[in-house]
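The figures here come from the full heavy-atom set of this structure, side chains too, leaving out hydrogens, waters and symmetry mates. Index from 1, following the sequence. Because the structure is a prediction, the values reported are computed rather than measured.
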Amino acid sequence: MVETVASQDLWIWHSFFGPPGSNNDINVLNQSPLYDSVRNGTAPNSSFILRGRLYKRGYLLTDGIYPRWSTFVKAYPHLVDPKEKKFKRVQEAARKDIERVFGVLKGKWKILERPIRYIYLDKIGKVVEACCILHNMIIKDDGRAISPIHIMDQPTPIVYDPSVLPELHDKSVHHRLRYDLTEHVAGLDLAYLDDPTFQPTPIEDLI
């Protein structure tokens, strides 16, 4: 299983592969270095203000299996309010970018479509990492990268700051952030979602 963070231009900003044991999203998240820089205080400032509230960190759009962390925004499981329906539609439209990333990766390199035959885990990891690097190189060469310059983060040691983990695991911030985003999206004109000319490029044209 591969854990990946990607942006709208399908640029892969983070990938993690090779956790032992049961390979579900929670186990992968608990073992990945995704939040190492946050825990040891070296992460860049990504705070923002939404509807008059300050949020100390940015957020990622995730599916339903991920925990209710303050930096995760999940879709509503049971829709009641029209605002929630509008938000879920926008959230899922944005989340499709990561599905398109995997579609492009498997379309370009068929080795990722089937179980990899290499015996050693480190070799499999190098294959996956090489495919992700080549994927980003192609995006940059095609001029489709939103940020043409990418500065690699320095490796960071694992440090468990007791003041950071409670903030990451704060469910109240998770729900408040989703509510504020829902109210914000409710006031936007999103007619472009129904316009065929604004639909994302098909995966077949990106391979």
Side-chain angles (χ1 to χ4, degrees), residues 1-19 23 25 28-29 32-38 42-46 48 57-63 66 71-75 87-118 121-156 181 184-185 188-207:
M1 177 177 288
V2 181
E3 176 194 67
T4 302
V5 176
S7 51
Q8 187 178 2
D9 56 354
L10 306 189
W11 184 279
I12 297 177
W13 294 93
H14 162 84
S15 64
F16 174 66
F17 169 83
N23 288 335
D25 291 341
V28 173
L29 173 64
S32 79
L34 180 60
Y35 283 104
D36 283 354
S37 60
V38 174
T42 60
N45 181 17
S46 57
F48 63 97
R57 300 177 179 86
Y59 60 89
L60 302 174
L61 302 180
T62 63
D63 56 22
Y66 277 82
T71 53
F72 292 158
V73 176
K74 302 166 35 168
F87 173 78
K88 183 174 182 178
R89 186 180 180 192
V90 175
Q91 200 256 21
E92 290 182 343
R95 267 183 47 215
K96 287 181 181 178
D97 291 334
I98 189 64
E99 302 298 336
R100 296 174 68 230
V101 166
F102 288 123
V104 172
L105 282 175
K106 291 190 293 185
K108 285 183 179 295
W109 293 279
K110 300 300 181 181
I111 193 173
L112 300 179
E113 263 193 332
R114 303 175 181 86
I116 300 179
R117 298 179 180 178
Y118 292 114
L121 191 62
D122 60 336
K123 289 187 177 181
I124 299 176
K126 290 178 180 178
V127 170
V128 176
E129 184 177 2
C131 292
C132 292
I133 292 173
L134 291 171
H135 168 82
N136 282 353
M137 291 174 63
I138 292 172
I139 289 179
K140 183 176 181 180
D141 187 64
D142 289 345
R144 294 188 285 113
I146 295 175
S147 177
I149 300 176
H150 177 50
I151 301 175
M152 293 294 295
D153 296 331
Q154 294 298 322
T156 57
L181 287 172
H184 174 73
V185 168
L188 301 178
D189 180 10
L190 302 176
Y192 68 88
L193 291 176
D194 298 318
D195 189 343
T197 61
F198 281 90
Q199 299 307 309
T201 305
I203 293 178
E204 294 77 12
D205 296 341
L206 298 174
I207 297 175

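Judged by distance alone, with hydrogens and angles left aside, the side-chain atoms of N136 form a donor-acceptor pair with the main-chain N or O of I12 at under 3.5 Å. Judged by distance alone, with hydrogens and angles left aside, the side-chain atoms of H135 form a donor-acceptor pair with the main-chain N or O of L10 at under 3.5 Å.
Inter-residue side-chain proximity for Y66 and L60 is flagged as unmet; no heavy-atom pair is nearer than 4.5 Å.
Within 6.0 Å of NZ on K88 lie more than 12 heavy atoms contributed by other residues, nucleotides or ligands.
Minimum interatomic distance between F48 and G58 (heavy atoms only, all atoms of both residues): CE2-CA, 4.1 Å. When every heavy atom of L181 is checked against every heavy atom of V73, the shortest pair comes out as CD1-CG2, 3.8 Å.
Within the model, atoms OG1 of T62 and CZ of R95 stand 7.0 Å from one another, a figure rounded to the nearest 0.5 Å. Rounding to the nearest 0.5 angstrom, the gap separating the CD1 atom in I139 from the CZ atom in R144 is 5.0 Å. Interatomic distance, CG of L134 versus NZ of K108, reported as 10.0 Å (0.5 Å rounding). Once rounded to the nearest 0.5 Å, the distance linking CZ of F72 with CG of L61 reads 11.0 Å. Here the NZ atom belonging to K110 is positioned 12.0 Å from the SG atom belonging to C131, to the nearest 0.5 angstrom.
Annotation: side-chain contact (heavy atoms from CB on, under 4.5 Å) contacts of H184 (sequence neighbours excluded): L50, L188.
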Exercise for the section: Begin from the C-alpha positions of S15 and V128 and carry the test side-chain contact (heavy atoms from CB on, under 4.5 Å) through to its verdict. Expected result: CA-CA 9 Å; S15 64; V128 176; 6.0 Å; no
Practice task
Any chance you could lay out the side-chain contact (heavy atoms from CB on, under 4.5 Å) test for E129 and I133, step after step, and finish with the verdict?
Solution key: CA-CA 6 Å; E129 184 177 2; I133 292 173; 4.0 Å; yes
